[in-house]
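Have a look at the structure below before the remarks.
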Amino acid sequence: MSTNITATIEELKLAYSRTKLDRPSRCFVEYPFLFHLAEIDLDVWLQSLSKKLAEGYFPKTSRLCWIPKPNYQLRPGNILTLKDEVVYNLIIGKLYSKIWDALEPYQGNPDVAYPLSTPDSKEKWVKSNFKSWDKFRELSFDRMATGVEYVVVSDVTGFYENIDQDKLISDLKQIVGSCPEIDLLRNCLRKWSIRGDKGIPQGYSASDILAKVFVSPIDQALQNDGFIHLRYVDDIRIFCNTHTEAKRAIAQLSLNVHQKGLNLQSAKTKILSIDQATIEFDGVTKIIKNIQEGIISQINQDLIENGPYADEEDHGLLLQAQNELPPDAIESAFNANFLLVNVATFNKTLFHYLLNRLAQAKSKLAVNYCIETLKDKAEETGSILNYFEKIDLDTDKLNELVEYISLPTSIYNYQNYLILKWLWDNNLVTEKIIKICRIFLKDHNREQWLRSYSFAYLGKYGSKKDLDEIQLMYSQSESVIGKADCIIGMHKVEAGKRNAFYAGVQNDDPLIKRAVKLAKML
């Protein structure tokens, strides 16, 4: 069933801008040329979309992307078509003002994650989340400092993929009333879900806003029952004066969550004493402070030994150590906590902290460790690649990285995609990269987004034979995106041969016509 809504070009342009703003930090997957294809003539593309919305819009089925998580597990991510994603942002944009009014009292306290921008914000409606986790930690300690004795910690099992769509739509109607936009949203969510009536697509700011709408009644219920709590998406902390109150908090939270069609994770639901909570919430900070105190102690000893002849540089080092860790201290900390200990003690938060600071110091100490870590902790691939980018990875280590994704033990399509995309984004080219791209293109079991970057690589850096094979793949491609990849990948074929082929296929689909135009511009 289709639902029609009206949308001006300006509204669609704003929705399109918000779609672009979700990259690269929010969305799971990007295609190398997708936005270029739309922007060949963006007004025409948006006018066509506006017409479809007015006539009755039919969303496409989403594709699944399997994302590595700890302990070799996978979680599903939905990949929407570009048009569906723009429509998603359009719908939430039309509802946003009333959603903001309903959620604003809970923003920052108890809802700490993904702070919302005011309705007059013309583009990014979810503010930067980098500082939100720090705020979650700081507010937790503020609550603990009020004299409470216990903290209940819990989170929800498979939160985004288990959101009950009917309950969500009901929550939305409570806020904005019935309207065609909500009817269209229901149709879209049904089409995008792998379970029909459960789940919203994770990795999109529009979904983060809907998740807030869905969980807000739980915040209200906890407050109405007299509990003091904080929430970071589905990570919940309740601050209690007695053990009995903590048990009651778990019971009430379980009921509230169950009424929304969700369940708490039993293994992660527990009552912590203040001392236990301090360690759990602040374990990394304690390690960092111990390192700083050791440095300050050593510099103080040096100053005592130098007596009145200590120079300004020594005093400067002392002041620096009080605020940050010097590179040699960061390296020592990484050695002590990762290189010299068993992998079973891996601390994700500390790893990210030290890796970021090694990157800032341009230290290559962690390179070998990181390449090995990719094999057993694929979920850390993004953080490791960010580190590699900042330290200017040596050619031999670059080849080790590429060699890894060519091995049978590299089983995660998504990890391979992240690595190949990173290589493309950083204009890194070696014969090993070209070779692995050839392997990926011949394997039709590989995900489209991985093969798209392989097409892009061979189209730009491959041999004449590679270009000929790309042309032959056009008829074998099952998706329009795949065919567009072939067209763009052929842009370096001899002009006469290329243009003759383009003339024969450019009317196959509007996207193919755009791909032909883009290829001729490259």
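The backbone N or O of Trp133 lies less than 3.5 Å from no partner atom in the side chain of Arg137, so there is not a single donor-acceptor pair. The main-chain N or O of Asn78 is never found under 3.5 Å from a side-chain atom of Ser62 such that the two would form a donor-acceptor pair. Counting only distance, with no hydrogens or angles, the side chain of Ser254 and the backbone of Ile250 share a donor-acceptor pair below 3.5 Å. Between the side chain of Gln165 and the backbone N or O of Ser193, no donor-acceptor pair lies under 3.5 Å. In this structure a side-chain-to-backbone donor-acceptor pair under 3.5 Å is missing from Ser50 to Leu46. Remark: the backbone N or O of Ser154 is not paired with any side-chain donor or acceptor of Thr269 at under 3.5 angstrom. At distances below 3.5 Å, not a single donor-acceptor pair connects side-chain atoms of Gln259 with backbone N or O atoms of Asn256. Between the side chain of Ser454 and the main chain of Leu450, a donor-acceptor pair closer than 3.5 Å is present. For Lys83 (side chain) and Leu49 (main-chain N/O), no donor-acceptor pair under 3.5 Å exists by modelled atom type. Using modelled atom types, no side-chain atom of Trp45 and backbone atom of Ala38 make a donor-acceptor pair closer than 3.5 Å.
The distance from atom CZ of Phe334 to atom CG of Leu354, rounded to the nearest 0.5 Å, is 7.0 Å. The CG atom of Leu222 lies 7.0 Å from the CD1 atom of Ile236; values are rounded to the nearest 0.5 Å. Separation of atoms CG (Leu262) and NZ (Lys167) is listed at 9.5 Å; rounding is to 0.5 Å. Asn413 CG to Glu447 CD: the interatomic distance, rounded to the nearest 0.5 Å, is 5.0 Å.
Side-chain contact annotation: Tyr404 with Glu372, donor-acceptor N/O pair under 3.5 Å absent. Asp376 and Tyr72 are linked by a side-chain donor-acceptor pair at a separation below 3.5 angstrom, with hydrogens and angles left out of the test. Donor-acceptor pairing under 3.5 Å is recorded for the side chains of Lys212 and Gln107. Thr157 and Asn263 form no side-chain donor-acceptor contact under 3.5 Å, judged by distance and modelled atom types alone. Between the side chains of Thr118 and Asp120, a donor-acceptor pair is found at a separation under 3.5 Å. In the model, Glu331 has a side-chain atom that pairs as donor or acceptor with a side-chain atom of Ser363 under 3.5 Å.
The cationic atom of Arg143 (NZ for Lys, CZ for Arg) does not lie both less than 6.0 Å from the six-membered ring centre of Phe141 and within 45° of the ring axis.
Residue Lys20 forms a salt bridge (Lys or Arg N to Asp or Glu O under 4.0 Å) with just one option from Glu30, Glu39, Glu85, and that option is Glu39. Considering Asn187, Asn4, Asp84 as possible partners of Tyr57, the one that fulfils the side-chain hydrogen bond (donor to acceptor under 3.5 Å, both in side chains) test is Asp84. The only option from Asp234, Asp164, Asp171 that meets the salt bridge (Lys or Arg N to Asp or Glu O under 4.0 Å) definition with Lys260 turns out to be Asp171.
Ring centroid separation for the pair Phe338 and Phe346 comes in under the 6.0 Å cut-off. The aromatic ring centres of Phe136 and Phe281 sit 6.0 Å or more apart.
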Tyr417 and Thr381: CA distance, side-chain angles, deciding distance, side chain to side chain contact (heavy atoms under 4.5 Å, CB included) verdict = CA-CA 10 Å; Tyr417 155 80; Thr381 302; over 6 Å; no
For the pair Val367 and Leu365, evaluate side chain to side chain contact (heavy atoms under 4.5 Å, CB included) and give the outcome as yes or no after the intermediate values.
-> CA-CA 6 Å; Val367 169; Leu365 174 75; over 6 Å; no
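In this structure, Tyr232 and Tyr114 have tilted ring planes: the angle between them lies in the 30° to 60° band. In this structure, Tyr31 and Trp449 have perpendicular ring planes: the angle between them is above 60°, well past the 30° mark. Ring geometry for Tyr96 against Trp100 counts as tilted: the plane angle lies between 30° and 60°, on a 0 to 90° scale.
For His243, the ring-ring contact (aromatic ring centres under 6.0 Å, His included) partners are Tyr150, not counting sequence neighbours. Residues satisfying the ring-ring contact (aromatic ring centres under 6.0 Å, His included) test with Phe159, not counting sequence neighbours, are none.
Around the NZ atom of Lys364, the shell of radius 6.0 Å holds more than 12 heavy atoms that belong to other residues, nucleotides or ligands. Heavy-atom contacts from other residues, nucleotides or ligands closer than 6.0 Å to CD1 of Ile228 number 12 or fewer. Within 6.0 Å of NE2 in His36 there are 12 or fewer heavy atoms belonging to other residues, nucleotides or ligands.
Using a 4.0 Å cut-off between charged nitrogen and carboxylate oxygen, Asp235 and Arg231 do not count as a salt-bridge pair. Taking 4.0 Å as the cut-off between side-chain N and carboxylate O, Arg237 and Glu280 do not count as a salt-bridged pair. Salt-bridge formation is not detected for the pair Asp392/Lys397: no Lys NZ or Arg NE/NH1/NH2 atom is positioned less than 4.0 Å from an Asp or Glu carboxylate oxygen.
In terms of heavy-atom proximity, Leu355 sits nearest to Ala366 at CD1-CB, 3.9 Å. In terms of heavy-atom proximity, Met144 sits nearest to Ala277 at CE-CB, 3.8 Å.
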